[in-house]
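Numbers for residues simply follow the sequence, beginning at 1.
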Amino acid sequence: MNILITGAAGFIGSHLVRTILGPDKPLGDDVRVTVLDALTYAGNRASLAAVEDEPGFTFVHGDITDALLVDRLVAAHDAVVHLAAESHVDRSIWRADAFVRTNVLGTHTLLEAALRHGTGPFVHVSTDEVYGSVPVGSSVESDPLTPSSPYSASKASSDLLALAYHHTHGLDVRVTRCSNNYGPYQHPEKVIPLFVTRLLSGAAVPLYGDGGNVRDWLHVDDHCRALLAVLTDGRAGHTYNIGGGTELTNKELTGLLLDACGAGWDRVEHVTDRKGHDRRYSVDWTKIRTELGYTPAHDFAEGLAETVAWYRTNRPFWAAPGAELQGA
C-alpha cells in the first residue's frame, strides 16, 4: 500500500508516520509513506528523523492547495490520510484567512484529486470542536455541527465537504473527530507543551478565565492507533469519534502540570478569557469501540509524566525564539 499523509511533519502526523514505518510495522513491511507538508511554523522535519532513512519513506515539501502537485501525488497513492490543517484557535481569531485557505480549499483540492484518480480510502482527520460546546453528556457522530471559532468552523466545513464527496460521488471518505491530543513533539502553542516549557524555563503560565473549561485528553499514540483502525477497517461515508477518556478542567490540568514541573500556583497568571471560548467538549466514542475495537491504552497520569520528561530532555525542539503562543 502507498499512503499519502498530509501535514505529517506536525505533531500527530509525524507520530503516525513513525508508527507505520517503525519497528512494529502495523500495516506490514511493504507499506510506503509519502509525507506532504508545507513546513509552516508548526511543521518540523526533526520529528521525522527516526524514519527518514526507511526505504518506504518519501518527503515532499509542498502545499495542499497546489493542485498540480496534489494531483501528481494522489495519482501515485492508494490511500490518503489528511492531517494538514491550521489548528490553533487563537490564531484563527487573529487571522482566519489562513484557516479557510488550508482547511477548506486545501481539503477540496485533495478531494478533487482523489475523485479523479479513484484514490481511497481517504481518511479526513477532524476535531471534537466541530460539535461546539457540550454542557452535559457527550457528542455522537450524528449530532449537528455547531462550531464556535473560525478554526472549528473551517474544520466543520471541510468535514461536510469530505462527506459530500462520498454521498455525491461515492468517494471512500472516512472522517474522524478526536479530542485534545497530548504527547511528545507537540508545538508549544498548545496548552500542555506551552505550560511545561514555560514552567521548565522558570516563567509563569497563563490560565484563561476561571480555568473551568473542560477538555478530554487523548494520547497521540492512542489517536494514531485509532486512525490506523479507521484506515484499514472503517466504513466509507462514516464518521468516528476518538476519545481519550480523561476529562479535566483547565485548572485541574494546570495543577497536574505544576506538580509535574515542581512549581507552585504563584507561577500562574489569570488572563482574560479567550473570545468565544467553548466551555466543554466531550465525544462519545462507543462507535469506534464497538465497530473497530478501539480503546485508549495510555493511562493519563503516566502519559503526562512521560510527556513532561520528553520536553525536559528535548529542549532544542522547543527553545527556538518565537516558538510559543498564549492559549489552549
Side-chain angles (χ1 to χ4, degrees), residues 11-12 41-42 85-96 98-99 103 126-136 138-139 146-156 177-183 186-220 243-244 246-283 300-301 303-304 307-308 311 318 322-328:
F11 168 46
I12 299 170
Y41 75 94
E86 295 285 346
S87 66
H88 191 53
V89 176
D90 285 333
R91 288 182 185 267
S92 80
I93 294 170
W94 303 331
R95 185 172 179 179
F99 289 73
N103 298 355
S126 190
T127 171
D128 60 0
E129 297 191 34
V130 299
Y131 295 115
S133 195
V134 184
V136 294
S138 299
S139 301
T146 57
S148 303
S149 69
Y151 161 60
S152 58
S154 70
K155 289 300 290 183
R177 295 176 181 147
C178 68
S179 55
N180 278 35
N181 279 221
Y182 74 100
Q186 190 172 26
H187 188 277
E189 68 183 357
K190 302 294 187 177
V191 63
I192 288 179
L194 173 70
F195 279 31
V196 170
T197 56
R198 286 195 173 189
L199 291 170
L200 294 179
S201 300
V205 295
L207 181 61
Y208 275 140
D210 65 359
N213 302 78
V214 177
R215 302 292 183 262
D216 174 46
W217 291 97
L218 168 67
H219 194 282
V220 65
T246 300
E247 285 194 18
L248 297 169
T249 66
N250 285 348
K251 188 172 183 179
E252 289 171 332
L253 176 64
T254 299
L256 293 175
L257 293 172
L258 291 172
D259 290 344
C261 296
W265 282 94
D266 59 311
R267 300 275 293 281
V268 177
E269 293 180 349
H270 291 270
V271 298
T272 303
D273 206 358
R274 181 168 66 203
K275 291 182 178 180
H277 199 180
D278 287 332
R279 191 66 170 175
R280 177 176 177 265
Y281 302 132
S282 178
V283 290
F300 181 76
L304 188 65
T307 299
V308 172
Y311 282 96
W318 53 266
E324 65 179 41
L325 276 177
Q326 174 182 310

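- A donor-acceptor pair is defined here as one N or O able to donate and one able to accept, closer than 3.5 Å; no such pair exists between the side chain of Trp318 and the backbone of His187.
- Among residues two or more places apart in sequence or in another chain, the side chain to side chain donor-acceptor pair (under 3.5 Å) test is passed with Glu129 by Tyr281.
- Atoms CD and CG, on Glu269 and Asp266 in that order, are 11.0 Å from each other to the nearest 0.5 Å.
- With sequence neighbours excluded, the residues forming a side-chain contact (heavy atoms from CB on, under 4.5 Å) with Thr254 are Phe195, Leu207, Leu258, Trp265, Val268, listed by chain and number.
- Pairs passing the salt bridge (charged side-chain N to carboxylate O under 4.0 Å, His left out) check and including a residue from residues 200-213, sequence neighbours excluded, read Asp210-Arg279.
- For Val214, the side-chain contact (heavy atoms from CB on, under 4.5 Å) criterion is met by Glu247, Thr249, Arg280, not counting sequence neighbours.
- To the nearest 0.5 Å, atoms NZ (Lys190) and OG1 (Thr197) are separated by 14.0 Å.
- Close placement of the His219 and Tyr182 rings is indicated, their centers lying within 6.0 Å of each other.
- When the side chain to side chain donor-acceptor pair (under 3.5 Å) test is applied to Ser152, the partners found at least two apart in sequence or on another chain are Ser149.
- Residues forming a salt bridge (charged side-chain N to carboxylate O under 4.0 Å, His left out) with Asp259 (at least two apart in sequence, or on another chain): none.
- Across Phe99 and Arg91, no two heavy atoms sit closer than the pair CE1-C, 3.6 Å.
- Here the shortest heavy-atom pairing between Asn103 and Ser154 reads ND2-OG, 2.8 Å.
- With sequence neighbours left out, Ser139 forms a side chain to side chain donor-acceptor pair (under 3.5 Å) with no residue at all.
- In terms of heavy atoms, Arg274 sits closest to Tyr208 at N-CD2, 3.7 Å.
- Scanning both residues, Leu199 and Ala263, for their nearest heavy atoms gives CD2-CB, 3.9 Å.
- Applying the ring pair (Phe, Tyr, Trp, His ring centres under 6.0 Å) rule to Tyr151 yields no partners; only residues at least two apart in sequence or on another chain are considered.
- Of the possible polar contacts, none joining the Ser148 side chain to the Gly132 backbone as a donor-acceptor pair under 3.5 Å is found.
- Rounding to the nearest 0.5 Å gives a distance of 8.0 Å between CD1 of Ile12 and CG of Leu218.
- For Leu256, the side-chain contact (heavy atoms from CB on, under 4.5 Å) partners at least two apart in sequence or on another chain are Leu248, Phe300, Leu304.
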- request: Step by step, work out the side chain to side chain contact (heavy atoms under 4.5 Å, CB included) result for Tyr311 and Ile192.
  value: CA-CA 10 Å; Tyr311 282 96; Ile192 288 179; 5.7 Å; no
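- Annotation: side chain of Asn250 is not in contact with side chain of Val191 (no heavy-atom distance under 4.5 Å).
- For the side chain to side chain donor-acceptor pair (under 3.5 Å) with Ser179, the qualifying choice from Asp216, Thr127, Asp128 is Asp216, the only one to do so.
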message: Applying side chain to side chain contact (heavy atoms under 4.5 Å, CB included) to Leu194 and Arg198, what does each step give before you reach the verdict?
response: CA-CA 6 Å; Leu194 173 70; Arg198 286 195 173 189; 3.6 Å; yes
- request: Apply the test side chain to side chain contact (heavy atoms under 4.5 Å, CB included) to residues Glu189 and Tyr41: give CA-CA distance (whole Å), side-chain angles for both, the deciding distance (0.1 Å), then the verdict.
  value: CA-CA 10 Å; Glu189 68 183 357; Tyr41 75 94; 2.9 Å; yes
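- Closest of all the heavy-atom pairs between Cys261 and Leu200 is SG-CD2, 4.3 Å.
- Pairing each heavy atom of Pro188 with each of Pro193, the nearest pair is CA-CB, 3.8 Å.
- Legend: residues meeting side chain to side chain donor-acceptor pair (under 3.5 Å) with Arg267, ordered by chain and number and at least two apart, are absent.
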Side chain to side chain contact (heavy atoms under 4.5 Å, CB included) assessment of Phe11 paired with Asn181: CA-CA 9 Å; Phe11 168 46; Asn181 279 221; 3.6 Å; yes
